[in-house]
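Remember, it's 1-based here, ligands and their atoms both numbered in the order they're listed.
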Amino acid sequence: MWTEINVDAVVGPTHHYGGLGVGNLASHQHAGLSSHPRAAALEGLRKAALVASWGVPQYLLLPPVRPRLDWLKQLGWDVGSASDLQPAWHTAPEAFSAAFSSAFMWAANAATVSAACDSGDRRLHITPANLISSWHRSAEADERRGDLARLFENLPHCTVHPPLPAIVPLRDEGAANHMRLSDASLKMGLNVFVYGDAGDNSLTPNLHFLPRQTRASCEAIARRHRLDPERTFYLQQHPAAISAGAFHNDVVATSHEHLLIHHQLAFVEAEAELTRLERTFQQCTGQRLQRIEIPAAELPLEEAIRSYFFNSQILTPRLKSGITSTPRMVLICPRQCQESAATQRWVESLVNAADNPIEEVHYVTLEQSMAGGGGPACLRLRVPLPEADLECLPSALRLDSRLHDQLEQLIEQWYPETLRLGDLCEQPLFAHLSQIPLRLRETIYGTV
Ligand code: SUG
């Protein structure tokens with residue numbers, strides 16, 4: 001039996017709004033506002049606990065240390081103590097914000113994952129994303145490479161690759177631009193990669209923002225993961241979607257098992273590839289791919305991006321002991337979906353229609369993450385595995401009520417309630433916050 005684990009990342013204590021998300025309207029709009037790190041971490045934890053409550057195996061990654069003083073040093077600042085941070089804060093607030101970034105919380109950008117059953121060498125392949133498009137995220141690549149290697153170190157057939165080379169033609173943002181479609185057995189998947197930059201120097205003149213994923217990076221990942229070209233697909237993000245603020249595919253499309261839901265303007269010139277996808281899905285699974293395209297006339301791009309509907313998580317609940325029936329699939333939507341009449345109409349029609357497997361909707365409050373442009377799906381990385389492999393993963397990182405309560409207490413105790421970026425120049429706040437990730441690792445994992 002195959003299963004899909006979810007891996008979420010615990011939000012860091014320096015969570016703030018630096019406005020650094022390229023093409024990310026929420027990030028731009030909230031730049032410089034006060035953040036609430038404690039609430040951010042608790043909201044994320046609550047969302048992960050909801051997923052776990054449906055019987056989905058839920059794991060956590062712990063926050064890496066911030067600030068990255070090495071990074072400020074590389075940029076020429078002679079930093080060592082908090083008082084030395086003032087010049088960086090005053091002359092280069094982007095670099096300062098990057099040094100304190102908690103953007104690693106968006107685990108969907110941590111890596112691209114290929115199930116062992118999809119790859120030619122029958123290994124689980126993981127490529128940490130290089131995240132080179134923005135000031136603040138590329139440091140995550142090596143940090144998460146270490147964390148993922150550790151999470152899967154006892155799996156006998158897993159390769160955690162290095163990130164792709166950090167060059168502009170290989171910009172990569174991980175699973176946010178990748179979808180795996182399969183039947184309910186999860187045993188064979190079709191891999192769909194989505195890129196914004198085709199690499200043919202044909203960038204649309206009206207494109208407002210740098211596309212964060214290139215086709216060349218998708219192709220390199222598919223090659224190193226040994227994916228069968230017949231079952232691998234490439235779709236280009238629509239320039240209109242990127243310009244409207246869809247900086248990742250998971251802002252305008254979502255998928256789970258045989259279900260693919262996307263906005264009409266998610267992809268450009270995609271008909272031939274989508275037809276090949278539908279035909280191959282039918283051939284490989286004997287089942288129809290259920291593709292639901294939401295028309296722009298019914299849900300304008302701008303409203304889809306405001307409500308973050310496509311960033312909802314779709315789950316298959318698993319039966320737990322004592323329970324005899326569960327919904328076939330559950331939709332976890334950000335509560336912002338309730339504020340948009342057009343989105344509400346779509347959610348209701350999905351839940352009420354008999355011809356699709358979504359039977360329940362749950363709304364979650366993720367105010368702090370949403371203000372940085374991250375909804376429920378941004379906060380998780382999915383990893384398909386044979387169920388027996390769960391034995392090989394560290395139980396200390398599996399979210400159960402014990403880990404939940406322990407983390408909740410530590411977050412309440414240590415995380416600041418409110419933070420403005422400039423506060424981070426101050427001693428002793430700086431010293432206190434930089435210790436928290438080490439203490440969390442020590443407490444939860446027994447080691448730093
Ligand atoms: O990369 N926001 C993240 C949001 C990532 C969302 N992930 C997915 N769509 N899967 C980003 O833009 C905000 C940081 C700031 O405001 O400075 C930020 O990094």
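Residues meeting the side-chain hydrogen bond (donor to acceptor under 3.5 Å, both in side chains) test with Ser369, sequence neighbours left out: Trp106.
Side-chain N/O atoms of Gln213 and Asp197 include no donor and acceptor closer than 3.5 Å. Side chains of His16 and Ser97: a donor-acceptor N/O pair is present below 3.5 angstrom, by distance only. Counting only N and O atoms by type, the side chains of Thr14 and Arg66 include no donor and acceptor under 3.5 Å apart. Checking His225 against Ser114 by side-chain atom types alone, a donor-acceptor pair falls below 3.5 Å.
Atom numbering of ligand 1 starts at 1 in the shown order; those under 4.0 Å from a heavy atom of Ala176 are 10 (N). Ligand-side atoms of ligand 1 in range of Leu20: 15 (C), 16 (O), 17 (O), range being under 4.0 angstrom from any heavy atom. Per-residue contacts place Gly21 under 4.0 angstrom from the following atoms of ligand 1 (heavy atoms of the residue considered): 12 (O). Residue Ala103 approaches ligand 1 through these ligand atoms, each under 4.0 Å from one of its heavy atoms: 19 (O). When each atom of ligand 1 is checked for a heavy atom of Ala108 under 4.0 Å away, the hits are 10 (N).
Here the two rings, on Phe267 and His238, have centers that are 6.0 Å apart or farther.
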Pairs of donor and acceptor atoms involving the side chains of residues 20-30, under 3.5 Å and at least two apart or interchain, shall be tabulated with distances.
| from | atom 1 | to | atom 2 | distance (Å) |
| --- | --- | --- | --- | --- |
| Asn24 | OD1 | Ala26 | N | 3.3 |
| Asn24 | OD1 | Ser27 | N | 3.0 |
| Asn24 | ND2 | Gly372 | O | 2.9 |
| Ser27 | OG | Leu20 | N | 3.4 |
| Ser27 | OG | Gly21 | N | 3.0 |
| His28 | NE2 | Gly21 | O | 2.7 |
| His28 | NE2 | Asn24 | O | 3.4 |
| His30 | ND1 | Ala26 | O | 2.8 |
| His30 | ND1 | Ala371 | O | 3.1 |

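Residue Arg226 places its CZ atom among 12 or fewer non-hydrogen atoms of other residues, nucleotides or ligands, all under 6.0 Å distant.
From the protein, the heavy atom lying nearest to atom 8 (C) of ligand 1 is Cys378 SG, 2.8 Å. Protein heavy atom at the shortest distance from atom 18 (C) of ligand 1 is Trp106 CZ3, 3.3 Å. At the shortest separation from atom 10 (N) of ligand 1 among protein heavy atoms lies Asp250 OD2, 2.7 Å.
For a threshold of 3.5 Å applied to N or O pairs, the pair formed by Asn24 and ligand 1 contains at least one separation below that value. An N or O contact shorter than 3.5 Å links Ser27 to ligand 1 by distance. By the 3.5 Å distance cut-off applied to N or O atoms, Gly373 is not counted among the residues near ligand 1.
For atom 12 (O) of ligand 1, the candidate residues are His136, His248, Arg212, Glu173; the nearest heavy-atom contact is made by Arg212. Of the candidates Gly18, Ala371, Gly372, the one placing a heavy atom closest to atom 4 (C) of ligand 1 is Gly372.
Pro64 places none of its side-chain heavy atoms less than 4.5 Å from the side chain of Pro437.
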Next item on the list: Report the C-alpha separation of Ser307 and Glu303 in whole Å, then their side-chain angles, then the decisive distance to 0.1 Å, and conclude whether the side chain to side chain donor-acceptor pair (under 3.5 Å) test is met.
Entry: CA-CA 6 Å; Ser307 72; Glu303 196 157 350; over 6 Å; no
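Looking at Asn109 against ligand 1, only its side chain comes within 4.0 Å, counting heavy atoms. In Arg137, the part holding a heavy atom less than 4.0 Å from any atom of ligand 1 is the side chain.
Residue contact check for ligand 1: Gly19 places a non-hydrogen atom closer than 4.0 Å to it.
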